[in-house]
Structures are given as C-alpha cells and as structure tokens.
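Working notes, beginning with the structure itself.
Quick note on labels: first sequence line is chain A, next is B, and so on, each numbered from 1.
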Amino acid sequence: MKIATWNVNSLKVRQQHVIDWLAESHVDVLCLQELKLPDEKFPRAELEAHGYRSWFAGQKTYNGVGILVRGNLFVDEATVVRNIPAFDDPQQRVIALTIDGVRIVSAYFPNGQAPGTDKFAYKLAWLNALHDWLADELTRYPKLALLGDYNIAPDDRDVHDPKAWEGQNLVSPEERAQFERLIGLGFVDAFRQFEQPEKTFTWWDYRMFAFRRNAGLRIDHILLSPALAPHCTSCTVDKAPRKWEQPSDHAPVVAELALSA
DNA sequence: ATGGCGAATGCTATTCGA
C-alpha cells in the first residue's frame with residue numbers, strides 16, 4: 001500500500017495538480033490538507049473520474065482535510081471520524097478512516113503563528129488533544145499511520161538554517177517536545193527509517209526564491225505505529241510538483257507499506 | 001526590523017499561512 005500526504009494550499013487552485021500527481025505517483029491513499037473550500041465545493045466527481053473516492057472535512061477559506069482512496073480499496077464507512085472527538089473545534093483539521101485494518105489519519109496541525117501568542121497556545125492544546133486521542137486510537141487500531149502537515153520541524157536537520165530559526169515558531173522546544181510526545185506513543189518517523197539526502201525539506205516559502213535556494217523546512221510527516229513501521233519499505237519527498245506552474249508551497253511525502261493480506 | 005508571495009474574501013485592502 002502506497003500512502004502519501006500533501007498540503008495543497010487550496011484544492012480549488014491545485015485540483016489539476018492533484019489529478020496529475022495521482023496519475024504519475026499511483027498512490028493508493030493520498031491525505032490532503034488546506035483544502036480551503038466548503039464540503040459542497042469539494043471536487044468529488046472529478047476525482048472519482050480519475051479513480052479515487054474522497055472523504056473530507058472542509059470549511060470555507062481555511063483548513064480542511066481529506067483522504068483520497070483508490071477505487072479498489074475497501075473503506076469501512078463506520079470507521080470514518082472527523083475531528084478529534086474530545087476536542088470541540090470549528091477548525092477542520094482531522095479526518096480518519098480504516099482500510100483493511102490500517103488506520104489512516106490525515107491531519108493539518110495548527111500553524112501557531114509565534115510562541116507566546118494565542119494561536120500558539122491553541123496549537124499546544126490541539127497537540128495535547130491529538131496525543132490523547134491517538135493513544136486511545138492505538139488500542140483500537142494497532143496499525144495506524146498519522147500523515148499530514150505537522151507544522152513542526154522535529155530536528156535541526158529538518159531546517160535549512162537552524163541558527164536563524166532557533167526558538168521560532170515551527171522549531172521551538174515546546175513544539176518539538178510535543179512531537180517527541182507522539183514518538184513516545186511508539187510512533188516512528190517513516191522518513192528517518194531510511195538513509196536520506198541531506199537538506200530534504202517539504203515546504204519552501206513562496207518568497208525570496210526560497211525553493212530555488214532550498215531554503216526550506218521538513219514539516220510534513222508520516223508517523224507509523226509500532227505495528228505498522230516494520231512494514232514500511234520506503235519513504236521519500238517528491239519535490240517535482242513544487243516545480244510545477246503555480247505550485248503549492250508544500251511537496252508530497254510518500255511511504256510504501258508491504259502488507260500481506 | 002521589515003517585507004518578500006500566494007490564496008481567499010462582503011475584494012482595489014486585509015488576514016493568514018509558515
């Protein structure tokens with residue numbers, strides 16, 4: 001099973017990119033973030049015409065998450081969950097579903113703006129709620145993959161200029177401690193299971209030629225539960241779509257899972 | 001220290017993202 005995550009920064013603008021990338025990547029599951037459209041505007045039929053069914057939780061303007069699943073895979077409708085159940089939140093940031101016993105979670109972590117702000121406090125509260133919910137989910141679904149835009153660069157290796165970024169939003173000790181709390185649940189960072197090129201990132205600012213200079217961060221991740229991690233045979237960042245016309249500022253991350261039936 | 005870019009919106013200016 002090939003799974004992936006991609007923050008598309010508006011599905012309306014990036015619809016054709018998603019369709020083109022699905023056609024060339026042949027992923028089985030694609031988790032999307034920042035749909036930026038209400039559910040009635042979701043291009044369900046267009047994606048279905050290209051062989052993918054959709055589950056999503058959207059809202060106007062901001063946030064919004066989805067999961068695209070190839071037509072031949074069985075999704076148990078009863079397992080679909082939107083948002084963190086115990087965390088009342090108008091912002092649509094989480095959707096989960098189960099495919100053949102594999103729990104797939106698509107998550108758009110809060111940005112946080114800057115340490116000390118209200119938005120940062122919300123980010124930490126959201127992370128606490130996510131942690132507690134996932135601890136519970138793992139008891140029900142030992143095979144669980146958490147894919148998404150984490151808005152956290154977990155290590156200095158994940159930052160183009162660690163000195164310039166020190167203590168800032170996305171790399172602060174509080175955020176990294178929250179990432180480590182997820183690791184404490186047994187999760188494995190799929191990307192770091194394999195040898196990787198240095199300075200591999202998943203996001204580059206639109207400004208100041210950041211992509212051309214590879215001035216990026218690795219903030220999009222695939223965490224795999226202890227029962228799932230041993231099945232992972234590869235994890236890579238696909239930079240190609242970031243070079244396309246009118247790109248998202250994020251690149252997709254892909255992991256392959258070798259699962260026997 | 002600021003802005004740069006891009007998307008969305010009661011749109012010709014503002015907010016947010018990261």
Between [M] and [N], how far apart are the [atom1] atoms? Round to whole Å, please.
{"N": "dT15(B)", "M": "dG10(B)", "atom1": "C1'", "result": "14 Å"}
{"N": "dG4(B)", "M": "dA13(B)", "atom1": "P", "result": "14 Å"}
{"N": "dT12(B)", "M": "dA1(B)", "atom1": "C1'", "result": "28 Å"}
{"N": "dG6(B)", "M": "dC11(B)", "atom1": "P", "result": "23 Å"}

- For Ser10(A) and dA8(B), is the shortest distance between a side-chain N/O and OP1 or OP2 below 4.0 Å? yes
- What pair of heavy atoms forms the shortest contact from Leu185(A) to Ala135(A), and how long is it? CD2-CB, 3.8 Å
Over how many whole Å does the gap from [X] atom [atom1] to [N] atom [atom2] extend?
{"X": "Gln15(A)", "N": "dA8(B)", "atom1": "CD", "atom2": "C1'", "answer": "17 Å"}
{"X": "Phe211(A)", "N": "dG4(B)", "atom1": "CZ", "atom2": "C1'", "answer": "18 Å"}
{"X": "Gln33(A)", "N": "dA7(B)", "atom1": "CD", "atom2": "P", "answer": "17 Å"}
{"X": "His17(A)", "N": "dG6(B)", "atom1": "NE2", "atom2": "P", "answer": "13 Å"}
{"X": "Met208(A)", "N": "dT2(B)", "atom1": "CE", "atom2": "P", "answer": "15 Å"}

- With sequence neighbours excluded, what pairs up with Arg242(A) under the salt bridge (Lys or Arg N to Asp or Glu O under 4.0 Å) test?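 With neighbours one apart ignored, the set is empty.
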- Arg218(A) to Phe201(A), cation-pi by 6.0 Å centre distance and 45° axis angle: no
Going by side-chain heavy atoms closer than 4.5 Å, which hydrophobic residues are tied to [X], directly or by a chain of links?
{"X": "Tyr52(A)", "result": "Trp6(A), Val8(A), Leu11(A), Val18(A), Ile19(A), Trp21(A), Leu22(A), Val27(A), Leu30(A), Leu32(A), Leu35(A), Leu37(A), Phe42(A), Leu47(A), Phe56(A), Leu68(A), Trp244(A), Val254(A)"}
{"X": "Val13(A)", "result": "none"}
{"X": "Trp203(A)", "result": "Val159(A), Trp165(A), Leu170(A), Val171(A), Leu217(A), Ile219(A)"}

- If you look at every strand shown and take non-hydrogen atoms under 4.0 Å, does Gln246(A) touch a base, only sugar-phosphate, or nothing?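 Sugar-phosphate contact only - Gln246(A) comes under 4.0 Å of backbone atoms but never of a base.
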- With sequence neighbours excluded, what pairs up with Asn151(A) under the side-chain hydrogen bond (donor to acceptor under 3.5 Å, both in side chains) test? none
- Which parts of nucleotides 10-18 of chain B does protein reach within less than 4.0 Å, heavy atoms only, written one letter per nucleotide 5' to 3' as B for base, S for sugar-phosphate only and - for none? S-----SBB
